[in-house]
Amino acid sequence: MTTTQPPNGPPSPQPHGHGHGSSEYEAESGPAQPHAHSHQHGPAAPGSRRLRRVIAAVLVPFAAAVVVGFVVLWPGGAPGHERTGVGFDRQTEQGLVVKIARTPCDAGGGAQSPGSAGQGTAEGQESPAGSGASAKNATAKESCTKATVQVTSGDDTGRTFTELVRPDASRKLHQDQKVVLAYSPKAPRELQYAVTDVNRTLPMVLLAGIFAVAVVVVGRMRGVMALVALAVSFLVLTFFILPAVLQGSNPLAVAVVGAGAIMLIALYMCHGLSARTSVAVLGTLVSLLLIGLLGSVFIGWASLTGNTDDNTGLIHGLYPHIDMSGLLLAGVIIGSLGVLDDVTVTQTSAVWELHQADPTMSRRKLYRAGIRIGRDHIASVVNTLVLAYAGAALPLLLLFSVAQSGVGTVASSELVAEEIVRTLVGSIGLVASVPVTTALAALVVSADTAPSVRGGTGQGVEGPRAPGDTTTVPGPARRILRTPVRGGGRRRKH
């Protein structure tokens, strides 16, 4: 049995809690440095100090630039405008279905639900002149749902109206169902209200609660901080990024400042203020710069306008001063940030754990081992991104399939090309983040290793000791190196 014998006292196989090798810092930074007996850690290795100064020289100006960007671009709220009543740009109120009845579809009696009109002629049949009576008789035989809806918010609280829902409508109404109402104050009184959606507040809040509980139960304090960081990210998006774009600020500048703030707050809040987190921040920053550069080049080269659907068309109509292609690039940067955080933090932690398992690993070996882990991460993350975008665009892909369009035609259409550029640019940034972050992590963590552990002194694990030094050898180094300790502490075999 091998133990560490202090000069005056019994054998002590474990260091006690005075800050000698059992602190969180040494758990992250490798073996303890040689020092005299005290209640504080010894100084970091010279290489570590230099590298941390380099990290600070990059991150401190970047953080200062983010703060300045916030001050300069702060919007002070979204600009007001008169509602158009089109799409999402319309006034809404809350309602409750108080009564359901069956009625012939030609009985009228209220507004029709969206998408229920124009169903008088069967698919594939012609509607010749003089067939209006036949169509009317066919419609009369159908049984529709007549819903009585009560307004539960706004100035008309308590007012009721009827909604006619045809049998082929995608949305069905039932009694006591909470609904969202579209309100048009300038329309005739009987047409001012119509059911536009279902109130989903309860299931959404319940699902969010289940998610929060799961994160806290599994992640504990880290989970709590992750939820706080998520809330902060949402606040930055809601109160800075969106209003600043609406106010006319450059979308790319707003996205860079907003993404930088989210990155700094989320990473340091979740993972602590340490060299490990700083390496992940640097890797994320480099990858975001690459994504921004590639996105700018290929969005311009492919002549992508960013105005491809009803929602973007409505935004362009309401705020023609907004650069829609810049908004597309901003979306690429912000959308890539979340996955980048995952990759860079994972790679940094992997390198730190490899170093913790074997403090004698050289910088090159650490990098090679970390890259082997990163290759598996790259394969899974890229596949995840592609499938996520494909799933979001599935209805669009179905339309192209129905039209029997060729692959080249589909890929070159702006709707699909936009998603392809978004996916590939983000994936290139993710792939690049693995070697960049791994190299930075190997450089920093190897500099945290004491020169004697890397073989610089030839005097055992910690090098020569001063008389009376009672510093013990850290556990991982003892298990891996098995080297006699000279000086005040001796290894004895019994």
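The first residue in the sequence is number 1, and the count goes up from there. Being a predicted model, the structure only gives us computed values, none of them experimental.
- Remark: side-chain polar atoms of Thr157 are paired, donor with acceptor, to backbone N or O of Gly154 under 3.5 angstrom.
- The two atoms that bring Leu288 and Ile333 nearest to each other are CD2-O, 3.9 Å, heavy atoms only.
- Defined by atom type and a distance below 3.5 Å, a donor-acceptor pair is present between the side-chain atoms of Ser274 and Thr277.
- Annotation: side chain of His271 is in contact with side chain of Arg222 (closest heavy-atom distance under 4.5 Å).
- Between Phe62 and Leu282 the shortest side-chain heavy-atom distance does not fall below 4.5 Å.
- Counting only heavy atoms from C-beta outward, the side chains of Asp156 and Tyr193 approach each other to under 4.5 Å.
- Partners of Glu418 under the salt bridge (Lys or Arg N to Asp or Glu O under 4.0 Å) rule, at least two apart in sequence or in another chain, are Arg422.
- No side-chain N or O of Thr344 forms a donor-acceptor pair with one of Ser433 less than 3.5 Å apart.
- Side-chain contact between Ile378 and Leu430 is absent, with no heavy-atom pair separated by less than 4.5 Å.
- Around atom NZ of Lys172, more than 12 heavy atoms belonging to other residues, nucleotides or ligands sit under 6.0 Å away.
- A donor-acceptor pair is defined here as one N or O able to donate and one able to accept, closer than 3.5 Å; no such pair exists between the side chain of His355 and the backbone of Ser362.
- Between Val97 and Val179 there is a side-chain heavy-atom pair separated by less than 4.5 Å.
- The CE atom of Met225 lies 14.5 Å from the OH atom of Tyr268; values are rounded to the nearest 0.5 Å.
- If you take OG on Ser278 and CG on Leu440, they are separated by 11.0 Å, rounding to the nearest 0.5 Å.
- Side-chain contact, Asn199 with Thr201: a donor N or O sits under 3.5 Å from an acceptor N or O.
- Atoms CG and CD, on Leu242 and Gln247 in that order, are 12.0 Å from each other to the nearest 0.5 Å.
- Taking CD1 of Ile291 as the start and OG of Ser296 as the end, the distance is 13.5 Å to the nearest 0.5 Å.
- Val351 pairs with exactly one of Thr346, Ile371, Thr438 by the side chain to side chain contact (heavy atoms under 4.5 Å, CB included) rule, that one being Thr438.
- Looking at heavy atoms from C-beta onward, Leu181 lies in side-chain contact with Val195 at the 4.5 angstrom threshold.
- Interatomic distance, Ser287 OG to Ile428 CD1, rounded to the nearest 0.5 Å: 12.0 Å.
- Taking 4.5 Å as the limit, every side-chain heavy atom of Val332 sits out of range of all side-chain heavy atoms of Phe298.
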